[in-house]
Amino acid sequence: MQHIRHFTSLLDFSSAELHTLINRAIELKNNRDPDYQPLKGKVLGMIFEKSSTRTRISFEAGMAQFGGSAIFLSPRDTQLGRGEPLEDSARVISSMVDCIMLRTHKHETVTTFARYSRVPVINGLTDLKHPCQLLADMQTYFELRGDIAGKTVAWIGDGNNMCHSYINAARQFDFKLNIACPFDYRPHQEIVDAAGSRIAFFQDPKDAASGADLVVTDVWASMGQEDEQKKRELAFESFQVNREVMNAAHSDALFMHCLPAHRGEEVSADVIDGPQSVIFPEAENRLHAQKALLEFLIGR
Ligand code: CP
Ligand code: NVA
């Protein structure tokens, strides 16, 4: 059987492939051609264990714009929710569609699915990683500022799925990542270790942001952690991206957030709604970056 490519992590692709994807995403965005339909007749199956606005709409719209279609599946409505084995589900679903996107709690759900799937599997967010968001974030940086290689990115807040994907992006796109994070909420040590000297930890968000070209944060309580909201609000109190933190960064530094955001918690309203914030182009780029991803995986 032909080797199937999956996108469960940024590390599934080479650095060169990721750069090609970013360039292609920018090209697709700037030269929208309704007659270009490389996915005509192709179907994307999308399994969502968690809520989504951007991921669902960008994949569904992207498939439609490329001449294909997408099916939204929630575990509640499928046999997956009643305990049908992942292995069987992967074999069955992949016998009927051309690509599968999953948003799940456990990362292993996506990797197990990939192991048994006959078609490419895309990680649309797990508790561990959110690689599609990084394609959009990198596209946004490249569009507005050029190559991110050698630049400094500050991650402020939880050592969560987005933080892990930023660490992997630091490896693949060759930037320095300063992380300011409460000790108990640090990212997984093995993911940090694999990125070597590119990663540095700071107690004070202003120190992490010092000299940064891009400042990024995310919610303090991710999906599935709603019960910890109050505890986390206390732990992360001094980790808000506000004007003081942005002032420590370069004057032309960008601010990104994958959204949805909580103004007044992880980011102040004046920063997220201010001139350095690029959250809306960042969100829109989910569409363009994932069209490039789909074209790469199933467009031939
Ligand atoms: N950023 C992101 O993945 O958004 P959704 O949860 O709305 O898909
Ligand atoms: N860290 C967040 C990202 C949402 C897109 C979460 O997992 O809920």
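Each ligand, and each atom within it, is numbered from 1 in the order the structure gives.
In this structure, the ring of Tyr185 has its center less than 6.0 angstrom from the ring center of Phe236. Here the two rings, on Phe113 and His6, have centers that are 6.0 Å apart or farther. Here Phe173 and Tyr141 keep their ring centres 6.0 angstrom or further from each other.
For Asp127 and Lys50, the salt-bridge test passes: some basic side-chain N is under 4.0 Å from an acidic carboxylate O. Ion pair Glu49/Lys106 not flagged as a salt bridge, since none of the NZ, NE, NH1 or NH2 atoms sits closer than 4.0 Å to an Asp/Glu carboxylate oxygen.
Residue-level proximity to ligand 2 for Asp158 is absent, since no heavy atom of it falls below 4.0 angstrom. With a 4.0 Å heavy-atom cut-off, ligand 2 is reached by the backbone of Leu259 but not by any atom from C-beta on. Neither the backbone nor the side chain of Leu125 comes within 4.0 Å of ligand 1, counting heavy atoms alone.
Distances from ligand 1 to the non-hydrogen atoms of Arg56 include no value under 4.0 Å.
Of the candidates Arg286, Met162, Lys50, Met223, it is Arg286 that places a heavy atom closest to atom 2 (C) of ligand 1. Considering each of Asn161, Asp218, Thr55, Asp127, the one bringing a non-hydrogen atom nearest atom 7 (O) of ligand 2 is Asn161.
Using a 4.0 Å cut-off to heavy atoms of Leu259, the atoms of ligand 1 that qualify are 1 (N), 2 (C), 4 (O). Near Cys258, meaning under 4.0 Å from any of its heavy atoms, are these atoms of ligand 1: 1 (N).
In terms of N/O distances under 3.5 Å, ligand 2 is not approached by Arg103. Considering both main-chain and side-chain atoms, Ser222 comes within under 3.5 Å of ligand 2 through a nitrogen or oxygen pair.
For atom 8 (O) of ligand 2, the nearest protein heavy atom (residue, atom name, distance) is Met223 N, 2.8 Å.
For Ser74 and Asp77, the side-chain atoms include at least one donor-acceptor pair closer than 3.5 Å. Side-chain contact check for Tyr36 and Glu295: at least one donor-acceptor pair (N or O, by modelled atom type) lies under 3.5 Å.
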